[in-house]
Amino acid sequence: MEKIIVCIKGVPKPGTVKVDPETHTLKRESMELILNPNDRPALEMAIRLKEKYGAEITVISMGPSNIIPLLKQAYALGIDQMILLSDRAFAGADTLATSYVLARAIEKLSPFSIVLMGLKSIDGETAQVPSETAGLLGLPSLINIKELKKEDDKWIAIRENEYGEEEIEVESSLLASVSPQAFDYLRPPSLKRLIEVKEKEPLIWTASDIQAEPEKLGLKGSPTQVVDVFEKKLEMKGTILEGEPQELVEKFIEVLKEKEIIKI
Ligand SMILES: Cc1cc2nc3c(=O)[nH]c(=O)nc-3n(C[C@H](O)[C@H](O)[C@H](O)COP(=O)(O)OP(=O)(O)OC[C@H]3O[C@@H](n4cnc5c(N)ncnc54)[C@H](O)[C@@H]3O)c2cc1C
């Protein structure tokens, strides 16, 4: 049976983000988290592969315990096993240190056929984690795929690039990030599994469980340094036109002419 691993990330619900002014890191514990929307297609692809070829799906996420409800959401969609990678030593991780932890956990789950991730998170938005994790594991890295199918012992991936689509043939095991546009339909959670998951808890793996080297973790293992974090001030420069409707239309046409948007 195939073994598929899906990495999901909890991202702040827009509007609830707080930054620690001392460390310049996000205060993850206090903010409301949602499942990274770009990870839904990765979960959907894993479940479709399970339906087609038979598979056991493990979902993993690195972060604090407020990610547990998101792992449970994934379970309700059709995932088999939930693992939370959580340890104080992971705090302050940049993409490399995050990828290192994910790679150690994925290695512990060996043998596996496929690792799926989202294309990018909606908060960090670097899209570096899939390639970095693949690099650390020595796996072929396929970015932005929209389809994955098995032919004999090989996997065929359809990948989107800026010019169109390409077909790539790879052998197991592989790591792929899934295109946010891969599916027209994403299944809702099943009621039966929503009830079932109330009785379930994820496995919690710490740094020692994945035999991680302490100097590669968290802030210590992060070559990226955030030197400053600031709120973007929006300076709105608008013109308010006043008057009766006919007058307003005339004024507006004048503005468009001045800006050479229209020529009458
Ligand atoms: C210096 C520095 C300090 C930071 N400190 C912290 C901190 O203290 N706490 C903190 O939470 N973040 C911290 N971050 C942010 C953290 O590095 C990123 O959240 C993380 O590395 C993922 O990067 P990204 O969001 O750009 O992911 P992307 O590369 O855009 O994500 C692509 C895909 O990778 C997978 N993925 C990404 N992150 C995870 C994850 N954590 N678990 C499972 N799958 C994942 C998902 O499938 C996702 O769709 C810090 C970043 C920097 C640069």
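Residue numbers run from 1 in the order of the sequence given.
A heavy-atom distance below 4.5 Å is not found between the side chains of Leu203 and Leu84. Here the side chains of Pro223 and Leu96 are in contact, with some heavy-atom distance below 4.5 Å. By the 4.5 Å heavy-atom criterion applied to side chains, Leu102 and Val129 are counted as neighbours. Met45 has its side chain within reach of Phe183: a pair of non-hydrogen atoms, C-beta onward, lies under 4.5 Å apart. Between Glu2 and Ile114, every side-chain heavy-atom pair lies at or beyond the 4.5 Å cut-off. Contact check for Asp87 versus Phe90: side-chain heavy atoms found under the 4.5 Å cut-off. Annotation: side chain of Ile210 is in contact with side chain of Val101 (closest heavy-atom distance under 4.5 Å). In this structure, Asp39 and Met117 have side chains that are not in contact, with every pair of non-hydrogen atoms separated by 4.5 Å or more.
Residue Glu44 holds its CD atom at 11.0 Å from CG of Asp184, rounded to the nearest 0.5 Å. Separating the CD1 atom in Ile143 from the OG atom in Ser179 is a distance of 11.5 Å, to the nearest 0.5 Å. Atom CG of Leu194 sits about 9.0 Å away from atom CD of Gln73, to the nearest 0.5 Å. Atom CD1 of Ile79 and atom CD1 of Ile60 lie 12.0 Å apart (nearest 0.5 Å). Taken from CG in Leu175 to CG in Leu116, the straight-line distance is 7.5 Å, to the nearest 0.5 Å. Rounded to the nearest 0.5 angstrom, Ile47 CD1 and Lys52 NZ are separated by 15.5 Å.
Residues Ser86 and Pro64 approach most closely at OG-CA, 3.7 Å, considering heavy atoms. Closest heavy-atom contact between Ile106 and Cys7: CD1-SG, 4.2 Å. Scanning all heavy atoms of the two residues, the minimum distance from Ser173 to Pro140 falls at O-CD, 3.2 Å. Summarising the geometry of Leu33 relative to Pro12, their closest heavy-atom pair is CD2-N, 3.8 Å, with the distance given to 0.1 Å. Closest non-hydrogen pair, Ile145 versus Ala182, comes out as O-CB, 4.3 Å. Nearest approach of Ala55 to Ile4, heavy atoms of both residues: CB-CD1, 3.8 Å.
In the hydrophobic clustering of this structure, Ile204 does not group with Ile83; members are Ile, Leu, Val, Met, Phe, Trp, Tyr whose side-chain heavy atoms approach within less than 4.5 Å, directly or through other members. Leu136 and Leu174 fall into different hydrophobic clusters, where Ile, Leu, Val, Met, Phe, Trp and Tyr side chains are chained together by heavy-atom contacts under 4.5 Å. Grouping the Ile, Leu, Val, Met, Phe, Trp and Tyr side chains by contacts below 4.5 angstrom, directly or via other members, places Phe112 apart from Tyr53. Both Leu49 and Leu77 belong to a single network of hydrophobic side chains, linked directly or stepwise wherever heavy atoms of I, L, V, M, F, W or Y lie under 4.5 Å apart. When the side chains of ILVMFWY residues are joined at heavy-atom separations under 4.5 Å, either directly or via intervening members, Val59 and Ile68 end up in a single hydrophobic cluster.
For Lys149 and Trp155, the positive end is not near the middle of the six-membered ring at less than 6.0 Å and at most 45° from its axis.
Every residue meeting the salt bridge (charged side-chain N to carboxylate O under 4.0 Å, His left out) condition with Lys257, not counting sequence neighbours, appears here in chain and number order: Glu254.
Comment: Glu51 engages Arg187 in a salt bridge, judged by a side-chain N to carboxylate O separation of less than 4.0 angstrom. Of the charged side-chain nitrogens involved, at least one lies within less than 4.0 Å of a carboxylate oxygen, so that Glu201 and Lys72 count as a salt-bridged pair. The pair Glu151-Lys154 does not meet the salt-bridge criterion, since no charged nitrogen lies less than 4.0 angstrom from a carboxylate oxygen. The existence of a salt bridge linking Glu147 and Arg159 is excluded, since no basic side-chain nitrogen approaches an acidic carboxylate oxygen closer than 4.0 Å. Between Lys120 and Glu125 there is a salt bridge, since at least one side-chain N of the basic residue sits less than 4.0 Å from a carboxylate O of the acidic one.
Looking only at distances, no side-chain donor or acceptor of Ser177 sits under 3.5 Å from a matching main-chain atom of Leu119. Under a 3.5 Å cut-off, the side chain of Asn36 and the backbone N or O of Gly10 do not form any donor-acceptor pair. Ser131 contributes no side-chain N or O that, together with a main-chain N or O of Gln128, makes up a donor-acceptor pair within less than 3.5 Å.
For Asp153, the CG atom sits in a loose shell: 12 or fewer heavy atoms of surrounding residues, nucleotides or ligands are nearer than 6.0 Å. Surrounding NZ of Lys220 are at most 12 heavy atoms belonging to other residues, nucleotides or ligands under 6.0 Å away. For CD of Gln211, the number of neighbouring non-hydrogen atoms (other residues, nucleotides, ligands) closer than 6.0 Å is 12 at most. Under a cut-off of 6.0 angstrom, the local environment of NZ in Lys146 is sparse, with at most 12 non-hydrogen atoms contributed by other residues, nucleotides or ligands. For NZ of Lys251, the number of neighbouring non-hydrogen atoms (other residues, nucleotides, ligands) closer than 6.0 Å is greater than 12.
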Notebook entry, point to check: After noting the C-alpha distance and the side-chain angles of Leu71 and Ser61, does the key distance pass the side-chain contact (heavy atoms from CB on, under 4.5 Å) rule?
Noted result: CA-CA 8 Å; Leu71 290 168; Ser61 188; 4.0 Å; yes

Worksheet entry | side-chain contact (heavy atoms from CB on, under 4.5 Å) assessment of Ile253 paired with Ile262 | CA-CA 8 Å; Ile253 288 171; Ile262 56 169; 4.0 Å; yes

Discussion item. With side-chain contact (heavy atoms from CB on, under 4.5 Å) as the criterion, how do Trp205 and Arg104 come out once you've worked through the C-alpha distance, each side chain's angles and the decisive distance to 0.1 Å?
Written reply: CA-CA 11 Å; Trp205 284 356; Arg104 293 301 305 156; over 6 Å; no

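Checking Glu132 against Thr95 by side-chain atom types alone, a donor-acceptor pair falls below 3.5 Å. With hydrogens and angles left out, the side-chain atoms of Tyr75 and Glu196 include a donor and acceptor closer than 3.5 Å.
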